[in-house]
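Values below: every heavy atom of this structure, side chains too, minus hydrogens, waters and symmetry copies. None of these values were measured; they are calculated from a predicted model. Below, chains carry the letters A, B, ... as their sequence lines are ordered, and counting in each starts from 1.
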There are 2 protein chains.
Amino acid sequence: MFEVLISHIQQKVSLSDTDKIRLQEFFVPKKLRKKQYLLQEGDICKNLAFISKGLLRTYNVDEQGNEHMSVFGWEGWWLSDFNSFLSGEPAVFNIDAIEDTEALLISKANYEAITVAIPVMDRYFRILYQNSIVTKERRLMSSITDTAEEKYLRLSESSPQIIERLPQNLVASYLGIAPETLSRIKKNIASRK
Amino acid sequence: MFEVLISHIQQKVSLSDTDKIRLQEFFVPKKLRKKQYLLQEGDICKNLAFISKGLLRTYNVDEQGNEHMSVFGWEGWWLSDFNSFLSGEPAVFNIDAIEDTEALLISKANYEAITVAIPVMDRYFRILYQNSIVTKERRLMSSITDTAEEKYLRLSESSPQIIERLPQNLVASYLGIAPETLSRIKKNIASRK
DNA sequence: AACCTGGCTTGATCCAGATCAAGCGTATTT
DNA sequence: AAATACGCTTGATCTGGATCAAGCCAGGTT
């Protein structure tokens with residue numbers, strides 16, 4: 001389980017051998033079956049989850065009962081309701097497993113502690129968050145600026161894995177469009193070439 | 001100029017007196033007149049800008065010539081085309097001054113260097129970015145989930161300063177709606193109470 | 001083998017919000 | 001003080017994509 005995490009960290013910063021050992025103390029492994037919740041709306045999000053295997057989704061549900069995908073995460077991704085985790089407010093997001101999943105959980109206290117014990121983790125998270133900001137900024141501008149078809153094409157460019165790995169109705173929700181619309185868009189694109 | 005920056009940093013981490021002095025070496029002050037560009041689309045974004053006074057906007061322009069607001073920043077905010085700054089790719093955003101502005105610029109090299117010279121800056125930026133992610137996540141979900149009126153009401157809640165300080169057409173662009181629509185929404189809300 | 005269940009498609013209709021257009025007041029420029 | 005520009009409003013019209021509805025296919029269950 002930890003190899004995936006350690007190699008992910010070492011892509012961004014370098015860890016000593018003792019760091020690699022110590023680091024493991026801060027995490028708790030957790031297995032999730034398909035459809036199982038990691039977090040439910042209204043609960044306090046107690047952990048950040050690093051996914052070492054499997055596939056999760058983060059989403060909220062509006063008053064009409066429609067789900068809106070926020071983030072998908074698989075091997076090498078971190079997930080949480082970040083606001084709830086940081087502030088202690090109730091979560092607005094649900095997180096559940098689309099495939100059987102293995103994750104490593106780190107609590108708020110351990111998240112604070114690990115950056116003290118292993119200072120380079122501040123830098124690791126800083127770099128992780130930098131990249132996350134760029135991704136979210138792109139998705140936001142796409143959401144504001146692009147037509148439905150442009151949103152789909154941009155996602156195909158930037159995150160083909162999402163399109164390959166997830167059912168089409170969840171992709172549509174991630175793009176903020178109706179599943180029927182996505183179906184028609186794909187048909188149009190296919191017929192054009 | 002530096003007092004604003006230093007007090008902003010000290011809200012998140014603590015700095016020694018020598019850190020406060022050394023820190024200044026890494027920044028270059030820059031004044032901007034109203035309408036002046038800090039960054040133009042296609043250029044490489046060489047700096048992060050900390051705004052000590054004034055008001056800037058980050059936006060892009062689509063093929064039809066419409067502007068789409070990405071971020072507004074005033075005293076105590078950081079702005080850049082983050083992707084361009086980090087990757088060295090050409091900027092997709094423009095940044096210009098809505099009011100006369102004083103900023104402190106830090107280059108990529110100095111951004112790397114300052115976290116080495118003053119390690120607590122890694123933590124400062126990590127915390128800054130954490131908060132930025134939460135904000136962007138909220139705005140993204142609002143953009144995907146909410147009606148035009150809900151978007152406006154949510155912004156009134158979360159960032160009343162934006163509504164107070166910026167002309168209505170820029171607020172509309174920030175929300176991803178037409179200025180006429182925003183005008184009508186405000187009229188409706190006013191007439192309802 | 002019959003029966004669900006969930007994901008996908010296709011057609012018909014509807015509507016929130018965009019676009020187009022005109023006029024108005026206030027601020028800025030000359 | 002005239003001229004121009006800019007932001008805002010209001011009305012009329014249009015449209016991209018949502019919603020509603022029905023049927024299809026593949027996998028999984030009993």
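The stretch residues 139-169 of chain A touches DNA chain C through A:Pro167, A:Gln168, A:Asn169, each having a heavy atom within less than 4.0 Å of the strand.
Here C:dG6 presents its P atom at 15 Å from CD1 of A:Ile98, a figure rounded to the nearest Å. Regarding A:Ile185, its CD1 atom lies at a distance of 9 Å from the C1' atom of D:dG17, rounded to whole Å. Remark: C1' of C:dA16 and CD of B:Glu180 are 14 Å apart, rounded to the nearest angstrom. B:Asn66 places its CG atom 7 Å from the P atom of C:dT19, with the value rounded to the nearest Å. In this structure, A:Lys186 places its NZ atom 7 Å from P of C:dT9, rounding to the nearest Å.
The side chain of A:Lys187 lies closest to C:dT10 when the candidates are D:dA18, C:dT10, C:dC20.
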Dot-bracket for DNA chain D, 5' to 3', with Watson-Crick and G-U pairs under 3.5 Å, [ ] for crossing pairs and | for other-strand pairs: what is it?
||||||||||||||||||||||||||||||
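Nearest-nucleotide positions on DNA chain C place A:Arg184 closer to the 5' end than the other of B:Leu182 and A:Arg184. A residue-by-residue look at B:Lys34 and B:Gln64 shows that B:Gln64 has its nearest nucleotide of DNA chain C further toward the 5' end.
With A:Tyr111 as reference, A:Phe85 is the one residue of A:Tyr124, A:Trp78, A:Phe85 to meet the ring-ring contact (aromatic ring centres under 6.0 Å, His included) rule.
Here B:Ser159 contributes atom OG and B:Arg139 contributes atom CZ; the two are 9.0 Å apart, rounded to the nearest 0.5 Å.
Closest of all the heavy-atom pairs between A:Gln24 and A:Ile6 is NE2-CD1, 4.0 Å.
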